[in-house]
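Treat the numbers as computed from the prediction; the structure is a model and nothing was measured.
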Amino acid sequence: MTESKSNNGLKVIAALLGVALIGTLIYTSSLYSDKKKTTADLTNQKNLVVEDLNNLKADYDRAISEGDSTNQELLNARARIDQYIDSVKSMKADISALYRYRRQVNVLTKEREFLLAQNDSLRRSNEQLTMQRDSTRMTLERQAQYADSILTQNVQLAKVVDAGSALSLAKFSVEAVRERNSGKLVSVNRHRRADKLKICYTVAANRIASAGDTQFYVQVIGPDGAIMGENAVASFTPPVVSGMSQKESAGVDETGSTDEYEIEDRAIDEMASTQKPDTKSISYSKISNFYYENTALDVCDYVDKKGDGFEKGNYEVKIFDSKLRELGSSSFELK
């Protein structure tokens, strides 16, 4: 009887142990399943964080590729996101770490919104500046063309005025003369008898010419080809013709000038400075001075003999104005 009770007790204990083992197995299986599910969920959350970071990076990539110039702030922000992506991929799945990175994603999202808005504002400003620059360039080109046209017209007008105001000779005569004891001059044609050359000319009337003291240059070339008389050199450099700006023609005061006028003036000055007038030079025998009053004027000058007298042969005489333009020439022979 005692042995039967003992066997029953063992059976009860064995049954309890069996139940406990089954419970342990069930609990262990449940824990493993929960851990597996938690790990999968953490991995999924990790992947979502990486995906969010990649989306942020893609936004920066588009903004950088659309920009005309490199934006260093966008480049730095994209580099930080690359570092966060590498850190999240290499970390072990951990709730606290994921929470930390999730918070950082929110911070980076706000930073992205600010930087992209700032970049968009800069891009719009650059577009406006580009439009203004293109408009300014077109305005400058138009003003340069306008100034070029004015300069061309003024140069042509100056040439017309200069040609119209130039003095000319109505008469021109040359003869060799001898001075008698009485002081009277008589014409001769023998070189041994000649004392001087008498050169006379008549300046024609010209109403648009400048009145006042005027000088002509007399050039006498002897039979040997040498310049007689003073044999000095006269030079003349034509002045650069600068265009009169619209501001000047309209009588606009300096204080009321606009940028348009200033651009035009600068363009005219720049083009005028590129002109390189040629300097003229001649050798002359004498300077003939007279006062001109826009009416016909008779002038006579004399070139004295050189050394012992005039040589035998042909002589050529030319008259030049103050700008060294040849007004007339004549030749004669002394026997």
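Taking the side chain as every heavy atom from C-beta outward, Ile221 and Ile227 approach each other to under 4.5 Å. A 4.5 Å side-chain heavy-atom check between Lys280 and Arg325 finds at least one atom pair inside the cut-off. Taking 4.5 Å as the limit, some side-chain heavy atom of Cys300 sits within range of a side-chain heavy atom of Lys198. Looking at heavy atoms from C-beta onward, Leu167 lies in side-chain contact with Val203 at the 4.5 angstrom threshold.
Following chains of ILVMFWY side-chain contacts shorter than 4.5 Å, one cannot reach Ile199 starting from Tyr302, and the two form parts of different hydrophobic clusters. Phe310 and Phe332 fall within the same hydrophobic cluster, where Ile, Leu, Val, Met, Phe, Trp and Tyr residues are linked whenever their side-chain heavy atoms come under 4.5 Å apart, directly or through other members. Cluster annotation: Val186 is not connected to Val174 through the hydrophobic network of ILVMFWY side chains, with a link wherever side-chain heavy atoms come within less than 4.5 Å. Criterion: ILVMFWY side-chain heavy atoms under 4.5 Å apart, direct or through other members. Under it, Val299 and Leu197 are part of a common hydrophobic cluster. In the hydrophobic clustering of ILVMFWY residues, with side-chain heavy atoms under 4.5 Å counting as a link, Leu327 and Val218 come out together.
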>> I'd like to know whether Val317 forms a side-chain contact (heavy atoms from CB on, under 4.5 Å) with Phe172, so could you lay out the CA-CA distance, the side-chain angles of the two residues, the decisive distance to 0.1 Å, and finally the verdict.
In response: CA-CA 10 Å; Val317 181; Phe172 182 30; 3.9 Å; yes

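Glu230 approaches Ile287 most closely through the heavy-atom pair OE2-N, 4.3 Å. Across every non-hydrogen atom of Glu293 and Ala211, the tightest pair is CA-CB, 4.3 Å. The nearest pair of heavy atoms linking Ser281 to Ser235 is OG-OG, 3.0 Å. Closest non-hydrogen pair, Arg207 versus Asn294, comes out as O-ND2, 3.7 Å.
For the pair Lys323 (side chain) and Phe236 (backbone), a donor-acceptor distance under 3.5 Å is absent. Put simply, the side chain of Ser135 never gets that close to the backbone of Met131: no donor and acceptor are under 3.5 Å apart. When atom types are taken as modelled, the side chain of Asn189 and the backbone of Glu333 share no donor-acceptor pair closer than 3.5 angstrom. Between the side chain of Tyr292 and the backbone N or O of Asn206 there is at least one donor-acceptor pair closer than 3.5 Å. Using a distance-only test at 3.5 Å, with no hydrogens or angles considered, a donor-acceptor pair links the side chain of Asp195 to the main chain of Glu179. Using modelled atom types, one side-chain atom of Gln219 and one backbone atom of Ser283 make a donor-acceptor pair closer than 3.5 Å. At least one donor-acceptor pair under 3.5 Å links the side chain of Ser285 to the backbone N or O of Val220.
Counting non-hydrogen atoms of neighbouring residues, nucleotides and ligands closer than 6.0 angstrom, the CZ atom of Arg137 exceeds 12 such neighbours.
In this structure, OG on Ser330 lies 9.0 Å from CD on Glu316, to the nearest 0.5 angstrom. Rounded to the nearest 0.5 angstrom, His191 NE2 and Leu334 CG are separated by 8.0 Å. A distance of 12.0 Å separates CG in Asp321 from OG in Ser288, rounded to the nearest 0.5 Å. Taking OG of Ser329 as the reference point, atom CG of Leu169 lies at 10.0 Å (rounded to 0.5 Å). In this structure, the separation between NZ on Lys318 and CD on Glu326 is 4.5 Å, given to the nearest 0.5 Å. How far CD of Gln132 is from OG1 of Thr139: 11.5 Å, rounded to the nearest 0.5 Å.
Taking the six-membered ring for Trp and thresholds of 30 and 60 degrees, Tyr284 and Tyr217 have ring planes inclined between 30 and 60 degrees apart. Classification of the Tyr201-Phe216 ring pair by plane angle, with boundaries at 30° and 60°, yields tilted.
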